[in-house]
Amino acid sequence: MTLRLFNTLTGQLDALVPADGKALRMYACGPTVYDYGHIGNFRTFLQIDILRRFLHLIGTPVFHVMNITDVDDKIIRNAAQAGLPIGEYTARYEQAFFEDLKALRVEIPEQIARATEHIPRMVELIQKLEAAGAAYRTGEGSWYFRLAAFPEYGKLSKKDLSGIEDGARVDVDEYEKDSARDFALWKAAKPGETSWETPIGRGRPGWHIECSAMAMEYLGESFDLHCGGEDLMFPHHENEIAQSETATGKPFARHWMHVRFLLVDGRKMSKSEGNFFTLRDLLLKGYKASAIRLALISVPYRHQLNFTFEGLADATNAIDRLRTFHQRLTAGAFAMGSNQAVQDAAKKAQTDYRDALANDLNTAEARAAIFGFVREANTIIDRGLFHISDRDAALAVLKDFDAVFDVIEDRDAEPTRRALEWAAQSGRQAEVAPALLASQSLTDEAVAALIGERTLAKQQRNFARADQIRAELAEKGVVIEDAKDGVRWKRK
Ligand code: AMP
Ligand code: ZN
């Protein structure tokens with residue numbers, strides 16, 4: 001099976017296969033670690049996780065490099081405001097970023113590359129560009145890329161850049177979106193700012209050169225795939241192509257994947273609009289990490305995702321359905337034999353699921369295939385027509401699903417616990433939802449003790465007390481269910 005993925009460069013679905021016949025060599029633009037990641041950032045990292053996991057599912061090994069931008073204008077400004085050296089400032093947010101990835105079950109790339117640890121490689125690349133006549137130094141000691149040196153500029157974003165003004169320059173990290181100008185490769189040191197002494201002068205790298213140098217360091221001059229959010233297509237990725245291809249004379253990445261932006265309630269997410277959410281914000285509101293993951297991956301990456309709290313509630317219910325089904329399969333007692341209808345439905349679900357993902361990572365259709373099967377199988381179980389051999393077929397469907405979606409196994413307690421710990425340490429207790437606080441006030445041992453007391457009360461026919469305990473648990477977010485083999489419970 002081959003993944004056909006939309007390629008921004010060719011404007012069509014292309015088969016994504018390793019050029020070396022071994023592992024798919026990919027680079028993903030990582031975070032700028034100046035603040036906590038927001039759900040828009042995580043949508044992009046999650047969709048890249050879906051890509052990785054699907055490639056693994058179809059037997060393609062991956063070598064995935066992700067950079068950490070740990071020096072830029074915003075970092076320098078914020079670190080100065082906090083009165084910290086930039087390394088200390090960024091370490092905190094880098095750690096938070098990895099904690100958040102873990103909470104969302106995003107697999108960690110094979111290679112993480114920090115910008116500040118690759119300065120010599122960037123300097124070498126700038127020297128190469130200078131030798132090719134494509135980089136020039138300004139009076140104050142900054143270096144720029146000469147756009148006129150790369151006639152193919154614009155081939156990724158397909159922008160009409162005929163109005164490029166030779167020699168017009170842009171030097172801030174917050175680039176203008178619609179104008180093409182010579183861009184900064186290296187910024188001359190300013191008093192009080194972090195800088196490096198190098199053969200091209202004292203200063204610090206521009207953002208674009210960072211990704212070109214680190215991608216080529218780990219993946220070679222040409223590699224299979226480059227990914228990022230749609231905002232990076234222009235000018236960041238266009239600039240990466242210009243620098244890299246001018247320096248090497250070879251194609252840079254063959255395939256480009258761009259994830260569309262997330263909106264919240266139909267609007268651009270922004271702090272001033274009050275619709276801006278970090279992962280931590282949502283965990284403190286009491287949403288589970290698995291539900292956030294599912295909500296952020298269920299809309300295919302090339303579609304705009306409109307994030308809403310109804311969507312999050314829907315994801316919570318969907319996961320509940322899956323987990324209940326999984327439990328039904330593993331705990332249920334079924335008769336010997338098999339039911340052809342289940343076998344056929346399982347096979348079809350598995351095929352439809354893989355086909356949907358192979359078709360430009362259509363997560364919505366893939367998810368629908370699995371949920372259709374769960375509905376069908378549940379009905380068959382209800383009718384008593386589900387058999388032992390059907391269980392293996394159904395579990396195989398769930399296994400395929402979870403290899404990519406990864407939401408069935410309940411590992412939600414840990415991210416919530418960590419978010420609460422973080423809230424306590426950073427004085428954000430006021431942001432914790434009361435229901436979440438209440439549910440945390442009961443330890444697992446306390447739940448078990450109350451359930452024991454309830455069982456005893458029932459045996460003694462003290463139903464009033466038994467009901468009272470059930471209500472008390474429910475109030476604290478613990479749901480109990482009486483099953484044949486005892487009492488099961490879970491936190492809502
Ligand atoms: P940054 O830390 O701002 O460099 O962003 C990290 C990644 O998140 C980049 O790939 C961005 O393109 C992506 N990104 C930023 N905002 C959003 C958003 N609202 N929706 C989806 N992806 C985003
Ligand atoms: Zn980049």
Side-chain angles (χ1 to χ4, degrees), residues 8 26-51 64-75 78 90 93-94 96-98 100-101 104 106 109 111-115 118 122 125 156-157 173-175 177 183 185 205-219 223 225-244 252-253 256-271 273 275-279 292 295-297 299-307:
T8 310
M26 60 183 272
Y27 184 89
C29 292
T32 306
V33 281
Y34 69 98
D35 205 345
Y36 296 104
H38 58 66
I39 53 174
N41 301 138
F42 290 117
R43 173 185 204 205
T44 291
F45 295 115
L46 278 162
Q47 293 289 355
I48 295 170
D49 188 54
I50 297 300
L51 167 88
H64 175 184
V65 180
M66 182 180 74
N67 68 298
I68 302 280
T69 300
D70 57 355
V71 53
D72 87 331
D73 291 346
K74 281 186 290 249
I75 288 172
N78 290 11
T90 56
Y93 291 106
E94 182 184 314
F97 174 72
F98 282 108
D100 290 352
L101 289 188
L104 290 170
V106 174
Q111 179 71 52
I112 302 294
R114 289 183 196 88
H118 294 77
M122 299 173 206
L125 191 52
L156 180 70
S157 56
D173 285 336
E174 288 142 18
Y175 296 88
K177 298 282 176 206
F183 56 86
L185 296 164
W207 170 37
H208 315 300
I209 199 76
E210 214 189 274
C211 284
S212 286
M214 295 193 288
M216 291 198 275
E217 163 88 7
Y218 296 104
L219 299 171
F223 54 95
L225 171 70
H226 196 309
C227 354
E230 62 172 337
D231 60 320
L232 301 186
M233 188 195 305
F234 181 85
H236 182 53
H237 290 161
E238 205 76 74
N239 292 353
E240 280 190 47
I241 292 175
Q243 299 162 154
S244 310
F252 186 46
W256 290 79
M257 172 194 184
H258 290 104
V259 180
R260 272 200 86 178
F261 258 34
L262 159 152
L263 300 179
V264 174
D265 286 327
R267 288 171 304 144
K268 189 169 182 275
M269 191 163 60
S270 95
K271 283 188 178 151
E273 294 263 345
N275 66 349
F276 181 97
F277 300 110
T278 64
L279 172 66
I292 301 167
L296 292 176
I297 60 181
V299 172
Y301 78 95
R302 268 210 298 146
H303 292 257
Q304 203 153 51
L305 162 66
N306 185 24
F307 179 87

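For ligands, and for the atoms within them, numbers begin at 1 and follow the listed sequence.
- Aromatic ring pairs are classed by plane angle as parallel below 30°, tilted from 30° to 60° and perpendicular above 60°; the pair Y93 and Y36 is perpendicular.
- Considering backbone and side-chain atoms together, M269 places no N or O closer than 3.5 Å to any N or O of ligand 1.
- Side-chain atoms of E238 come within 3.5 Å of backbone atoms of L156 as a donor-acceptor pair (strictly under, hydrogens ignored).
- Ring geometry for H237 versus W256: interplanar angle of 30 to 60°, hence tilted.
- Summarising the contacts of atom 20 (N) of ligand 1 with D35, L46, L262, T32, the nearest heavy atom is found in L262.
- With ligand atoms numbered from 1 in the order given, ligand 1 contributes 11 (C), 12 (O) to contacts under 4.0 Å with heavy atoms of D231.
- For a threshold of 3.5 Å applied to N or O pairs, the pair formed by N41 and ligand 1 contains at least one separation below that value.
- Within the listing of ligand 1, atoms 2 (O) sit less than 4.0 angstrom from a heavy atom of P31.
- Taking the Zn ion (ligand 2) as the corner point, the angle from C29 atom SG to C211 atom SG is about 130° (rounded to 10 degrees).
- Between F277 and F307, the ring-plane angle classifies as tilted under the 30° and 60° cut-offs.
- Between F252 and H226, the ring planes lie tilted relative to each other; the angle falls in the 30° to 60° range.
- For the pair R260 and ligand 1, the shortest N or O to N or O distance does not fall below 3.5 Å.
- Ranked by closest heavy atom to atom 22 (N) of ligand 1, the top entry among L305, T44, V264, L263 is T44.
- For atom 19 (N) of ligand 1, the closest non-hydrogen atom on the protein side is F261 CD2, 3.4 Å.
- Counting the atoms of ligand 1 from 1 in the order shown, those under 4.0 Å from a heavy atom of L232 are 9 (C), 10 (O), 12 (O).
- No side-chain heavy atom of D72 sits under 4.5 Å from any side-chain heavy atom of E210.
- For V259, the heavy-atom gap to ligand 1 stays at 4.0 angstrom or more.
- Under the 3.5 Å distance criterion, the side-chain polar atoms of N67 are matched with a main-chain donor or acceptor of G30.
- Where the criterion is an N or O separation shorter than 3.5 Å, residue side chain and backbone included, G40 meets it with respect to ligand 1.
- If you check each of G37, G229, A28 against atom 10 (O) of ligand 1, the one with the closest non-hydrogen atom is G229.
- The atoms of ligand 1 that sit less than 4.0 Å from any heavy atom of H38 are 15 (C), 16 (N), 17 (C).
- Heavy atoms of K268 come nearer than 4.0 angstrom to ligand 1 in no pair at all.
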